[in-house]
Amino acid sequence: MVHGTAHIGKDRYRTEIEVDGHRIVADEPPALGGANAGPASYDLILAGLGACTAITLRMYADRKQWPLESLDVALRLTGGKDDRRIERVLTIAGLDADQQARLADVAERTPVTLTLKGGIAIDTRLA
């Protein structure tokens, strides 16, 4: 299972993150008091969704032996607290219209997509 940690010190909002041995820095933009040293929290959610979408669709195309040349996943977070949503646009090169439509359908069922759509329980406790 995946394990991660996040540590914040006195450097305003700069946060050191480690997930399964990979280090990431997160921060807030200057407009929110940060130094923009890394992506903000919602940026990281979009990054995870984009990576999962691209990887899952590449795996699917490879398994089908389709000639997928490239796949771009554009993501945009819109709305506010009560109507927040993610817009996802796929740009696919090398496949015919039917194959592209199939990949768009598969995108709706990637692991991170399903997690975000379904929600996930979070249990918080003090150490």
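Just so you know, these numbers come straight off a predicted model, no measurement behind them.
- The hydrophobic cluster containing Val73 also contains Leu95, counting ILVMFWY residues as joined when their side-chain heavy atoms lie under 4.5 angstrom apart, directly or transitively.
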Salt bridge (charged side-chain N to carboxylate O under 4.0 Å, His left out) evaluation trace for Asp62 with Arg58: CA-CA 6 Å; Asp62 288 352; Arg58 166 53 76 188; 3.1 Å; yes
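- Electrostatic pairing of Glu16 and Arg14 counts as a salt bridge here, judged by a charged N lying under 4.0 Å from a carboxylate O.
- The two residues Thr56 and Pro111 make their nearest non-hydrogen contact at OG1-CD, 3.9 Å.
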side-chain contact (heavy atoms from CB on, under 4.5 Å) assessment of Val25 paired with Thr15: CA-CA 6 Å; Val25 173; Thr15 303; over 6 Å; no
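- A continuous path of hydrophobic side-chain contacts links Leu116 to Leu57 [ILVMFWY only; heavy atoms under 4.5 Å].
- Atom-to-atom distance recorded for Leu49:CG and Leu44:CG is 12.5 Å, nearest 0.5 angstrom.
- Note on Leu75 and Leu77: same hydrophobic cluster, where clusters join Ile, Leu, Val, Met, Phe, Trp and Tyr whose side-chain heavy atoms are under 4.5 Å apart, directly or indirectly.
- Taking all atoms of both residues into account, the shortest heavy-atom contact from Thr110 to Thr53 is CG2-CA, 4.1 Å.
- The OG1 atom of Thr5 sits 8.0 Å away from atom CZ of Arg23, with the distance rounded to the nearest 0.5 Å.
- No more than 12 heavy-atom neighbours from other residues, nucleotides or ligands sit within 6.0 angstrom of CD on Gln65.
- We find the CG-CZ distance between Asp105 and Arg109 to be 4.0 Å, quoted to the nearest 0.5 Å.
- No hydrogens or angles considered: a donor-acceptor pair under 3.5 Å links the side chains of Arg88 and Thr113.
- Across Ile17 and Ala26, no two heavy atoms sit closer than the pair CD1-CB, 3.7 Å.
- A distance-only check finds a donor-acceptor pair linking the side chain of Asp27 to the backbone of Ala35 [under 3.5 Å].
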Test side-chain contact (heavy atoms from CB on, under 4.5 Å) applied to Thr78 and Glu87, step by step: CA-CA 7 Å; Thr78 64; Glu87 297 173 358; 3.6 Å; yes
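- Salt bridge annotation for Glu108-Lys117: present, with a cationic side-chain nitrogen under 4.0 angstrom from a carboxylate oxygen.
- Counting all heavy atoms, side chain and backbone alike, Ala54 lies closest to Leu71 at CA-CD2, 3.7 Å.
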Verdict with supporting geometry, Tyr60 and Leu103, side-chain contact (heavy atoms from CB on, under 4.5 Å): CA-CA 8 Å; Tyr60 187 89; Leu103 287 187; 3.6 Å; yes
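- The distance from the OH atom of Tyr42 to the CD1 atom of Ile86 is 9.5 Å, given to the nearest 0.5 Å.
- Cluster annotation: Ile24 and Val2 are assigned to the same hydrophobic cluster (Ile/Leu/Val/Met/Phe/Trp/Tyr, side-chain heavy-atom contacts under 4.5 Å, transitive).
- A distance of 9.0 Å separates CG in Leu68 from CD in Gln99, rounded to the nearest 0.5 Å.
- Surrounding CZ of Arg84 are more than 12 heavy atoms belonging to other residues, nucleotides or ligands, all under 6.0 Å away.
- Taking CZ of Arg12 as the start and CD of Glu28 as the end, the distance is 10.0 Å to the nearest 0.5 Å.
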